[in-house]
Amino acid sequence: MKKIAYILAISAAASGLQACGSGSATANNMSDSTAMSTDSMHMHTDSMSMDSMVMDSMTMQSSAMDTTFVNTAAIAGMAEVQMSELAQQHASHAKVKEFANMMVTDHSRANAELKQIAGSKNLMLPEKLDKAHMDKLTMLKSKKGAEFDKAYVMAMVEGHEKTVALMEQGSMSLKDADLKKFATKTTPVVKSHLEAIKKIKSEMK
């Protein structure tokens, strides 16, 4: 009887050890699974963070592009109007004066539209010309008669070539829908101005 009891005791102890081992393995497996799940969550979070950084970078680039377009277009528009108002007073060539009248009308309208769009997006427009355009305006003020006509025509050709390039680029690259629409709509108008002033230039002696 003692032998039987002894054997049963050993069997029970062995079963207990086996159960403990199984429990330990299960705990280890659960720990590994939890660690893998945590790592997966971290990887997903890192991926989302990277995506967010990329989106923020794209948004900043778009915003910078829109701001640059607005500032450049606004200064160019102001310059066209101010130079053309000067031409209305000092031009001696009839077609130059006629062109200047068209510039004041068309660019004043475009400037007002751009100002409205910029205001709706909290974009500040420059209130005065930059140095390059101010220097050109000052130069025109020093000219008289045919000399003025020639200088004004050259300024209009150069200015409109740059503005055409700006509007074409804006119509393709701007992300803001309203600014892109403005650039697309303004492109053919500025192109027609450029063609008109080039024709005047070719007719002048």
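On a predicted model such as this, the values are computed, not experimentally measured, just so you know.
Within a 6.0 Å sphere centred on CD of Gln116, heavy atoms belonging to other residues, nucleotides or ligands number 12 at most. Counting heavy-atom neighbours within 6.0 Å of Glu168 CD, excluding the residue itself, gives a total above 12. The environment of CE in Met124 is sparse: at most 12 heavy-atom neighbours from other residues, nucleotides or ligands sit within 6.0 Å. Within 6.0 Å of NZ on Lys97 lie more than 12 heavy atoms contributed by other residues, nucleotides or ligands. In Lys121, the NZ atom is crowded: over 12 heavy atoms of neighbouring residues, nucleotides or ligands sit closer than 6.0 Å.
Side-chain atoms of His107 and Ser84, non-hydrogen and from C-beta on, never get closer than 4.5 Å to each other.
Nearest heavy atoms, Ile200 versus Lys95: CD1-O, 3.6 Å. Residue Ala73 comes nearest to Met167 through the heavy atom pair CB-CE, 4.0 Å, listed as atom of the first residue, atom of the second, then distance. Across all their heavy atoms, Ala79 and His133 have their closest contact at CB-CD2, 3.3 Å. Taking all atoms of both residues into account, the shortest heavy-atom contact from Phe148 to Lys143 is CA-CB, 3.5 Å. For the pair Val70 and Leu114, the tightest heavy-atom approach, listed with the atom from each and the gap, is O-CD2, 3.9 Å. When all heavy atoms of Phe99 and His193 are compared, the pair lying nearest together is CE1-O, 3.4 Å.
Between Ile197 atom CD1 and His160 atom NE2 the span is 8.0 Å, to the nearest 0.5 Å. Taking NZ from Lys180 and CD1 from Ile117, the interatomic distance works out to 14.0 Å, rounded to the nearest 0.5 Å. Note that CD of Glu147 and OG of Ser92 are 10.5 Å apart. Values are rounded to the nearest 0.5 Å. For the atom pair Glu158 CD and Thr163 OG1, the distance stands at 11.5 Å (nearest 0.5 Å). The line from NZ of Lys201 to CG of Leu194 is 10.0 Å long, rounded to the nearest 0.5 Å. Interatomic distance, Met154 CE to Met204 CE, rounded to the nearest 0.5 Å: 10.5 Å.
Under the 4.5 Å side-chain heavy-atom criterion for grouping Ile, Leu, Val, Met, Phe, Trp and Tyr, Phe182 is connected to Leu174 within one hydrophobic cluster. In the hydrophobic clustering of this structure, Leu129 groups with Met139; members are Ile, Leu, Val, Met, Phe, Trp, Tyr whose side-chain heavy atoms approach within less than 4.5 Å, directly or through other members. Tracing side-chain contacts under 4.5 Å through hydrophobic residues (I, L, V, M, F, W, Y), one reaches Met78 starting from Met134; they form part of the same cluster. Cluster annotation: Met156 is connected to Val153 through the hydrophobic network of ILVMFWY side chains, with a link wherever side-chain heavy atoms come within less than 4.5 Å. Taken together through direct or relayed side-chain contacts under 4.5 Å among Ile, Leu, Val, Met, Phe, Trp and Tyr, Val189 and Val157 form parts of separate hydrophobic clusters.
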**Message:** Go through it in stages, so that I can follow the logic: the residues are Val81 and Met103, the test is side-chain contact (heavy atoms from CB on, under 4.5 Å), and I'd like the CA-CA distance, side-chain angles, deciding distance and then a yes or no.
**Reply:** CA-CA 6 Å; Val81 170; Met103 290 302 94; over 6 Å; no
**Request:** Carefully, step by step, assess Lys181 and Asp178 under the rule salt bridge (charged side-chain N to carboxylate O under 4.0 Å, His left out).
**Result:** CA-CA 5 Å; Lys181 183 179 178 181; Asp178 293 327; over 6 Å; no
**Message:** Lys198 vs Glu203, test: salt bridge (charged side-chain N to carboxylate O under 4.0 Å, His left out). Steps then yes/no.
**Reply:** CA-CA 9 Å; Lys198 280 184 173 180; Glu203 294 173 353; over 6 Å; no
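Between the side chain of Thr105 and the backbone N or O of Met102, no donor-acceptor pair lies under 3.5 Å. For Ser202 (side chain) and Lys199 (main-chain N/O), a donor-acceptor pair under 3.5 Å exists by modelled atom type.
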